[in-house]
S.K.: 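Take a look at this one; I'll ask things after.
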Amino acid sequence: GVVAGLVGISAGCDAISPAWSLAVGAVSASVYVLTVEAVKRMRVDDVVNAFAVHGGGGSWSLLAVGLLHKDTGLITTGVADQLWSQLLG
């Protein structure tokens, strides 16, 4: 969970406020737990849960920038341009 939280804030560490960073890390940890369960159900052999940490947490991280960027995020400014850029990237 902790490593997933750190991965989750990596993409936006310079652009998301400290308060929102806590929320991003918490959501990333939750995404990690859900991804671990999904990978287990699919019977994929991922002993160290690398996909859950980097795939799940990293995907959320990219979306979080589009939502919470301090200057261009959808939640912080009401403009969706950054979110669309993140989704297309």
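The figures here come from the full heavy-atom set of this structure, side chains too, leaving out hydrogens, waters and symmetry mates. Heads up: numbering here begins at 1 and tracks the sequence.
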S.K.: Could you tell me whether the side chain of Thr76 reaches within less than 4.5 Å of the side chain of Lys70, counting heavy atoms only?
M.R.: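 Answer no - side chains too far apart.
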S.K.: As an exercise, state the distance from NE2 of His54 to CG of Asn49, rounded to the nearest 0.5 Å.
M.R.: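 Interatomic distance, His54 NE2 to Asn49 CG, rounded to 0.5 Å: 10.5 Å.
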S.K.: Is Leu63 reachable from Ile75 through a run of hydrophobic residues whose side-chain heavy atoms are each under 4.5 Å from the next?
M.R.: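 Yes: a chain of side-chain contacts under 4.5 Å links Ile75 to Leu63.
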S.K.: Taking all non-hydrogen atoms of both residues into account, name the closest pair between Ala29 and Ala4 and its distance.
M.R.: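 Residues Ala29 and Ala4, closest heavy atoms: CA-CB, 4.3 Å.
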S.K.: Quick one: do Ile9 and Val53 end up in the same hydrophobic cluster if we chain Ile, Leu, Val, Met, Phe, Trp and Tyr together by side-chain heavy atoms under 4.5 Å apart?
M.R.: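 Each belongs to a different hydrophobic cluster.
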S.K.: For Ala52 and Val36, work out which heavy atoms get closest and say how close.
M.R.: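 The pair with the smallest heavy-atom distance is CB-CG2, 3.5 Å.
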S.K.: Spell out, as yes or no, whether a donor-acceptor pair under 3.5 Å connects the side chain of Ser61 to the backbone of Gly57.
M.R.: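 The answer is no, because no donor-acceptor pair under 3.5 Å joins these two groups.
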S.K.: Establish whether Leu68 and Val31 are linked, either directly or via other cluster members, by ILVMFWY side-chain heavy-atom contacts under 4.5 Å.
M.R.: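 Linked, Leu68 and Val31 end up in one cluster.
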S.K.: With side chains defined as the heavy atoms from C-beta onward, is the minimum distance between Asp71 and Thr77 less than 4.5 Å?
M.R.: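 Counting from C-beta outward, Asp71 and Thr77 never come under 4.5 Å.
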S.K.: Distance from Gln82 atom CD to Leu87 atom CG, nearest 0.5 Å?
M.R.: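 Between atom CD of Gln82 and atom CG of Leu87 there are 10.0 Å.
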S.K.: Please set out all donor-acceptor pairs under 3.5 angstrom arising from side-chain atoms of residues 12-25, sequence neighbours excluded.
M.R.:
{"from": "Ser17", "atom 1": "OG", "to": "Trp20", "atom 2": "N", "distance (Å)": "3.3"}
{"from": "Ser21", "atom 1": "OG", "to": "Ser17", "atom 2": "O", "distance (Å)": "2.8"}

S.K.: Gly8 and Ser28: which non-hydrogen atoms are nearest, and at how many Å?
M.R.: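 Looking at all heavy atoms of both residues, the shortest contact is CA-OG, 3.5 Å.
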S.K.: Kindly give the heavy-atom pair with the smallest separation between Gly55 and Ser59, and that separation in Å.
M.R.: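 Closest approach of Gly55 to Ser59: O-OG, 2.6 Å.
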S.K.: How far does CG of Leu62 sit from CG of Leu83, to the nearest 0.5 angstrom?
M.R.: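 With rounding to 0.5 Å, CG (Leu62) is 11.0 Å from CG (Leu83).
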S.K.: Just wondering, do Val39 and Phe51 contact through their side chains at under 4.5 Å, heavy atoms?
M.R.: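 A side-chain contact exists here, since the closest heavy-atom pair is under 4.5 Å.
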S.K.: So, for Gly1 and Tyr32, which heavy atoms are closest and what is the spacing to 0.1 Å?
M.R.: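 Result for this residue pair: N-CE2, 3.8 Å.
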S.K.: Go through the steps for Leu74 and Trp84 under the test side chain to side chain contact (heavy atoms under 4.5 Å, CB included), then give the verdict.
M.R.: CA-CA 10 Å; Leu74 177 62; Trp84 286 117; over 6 Å; no
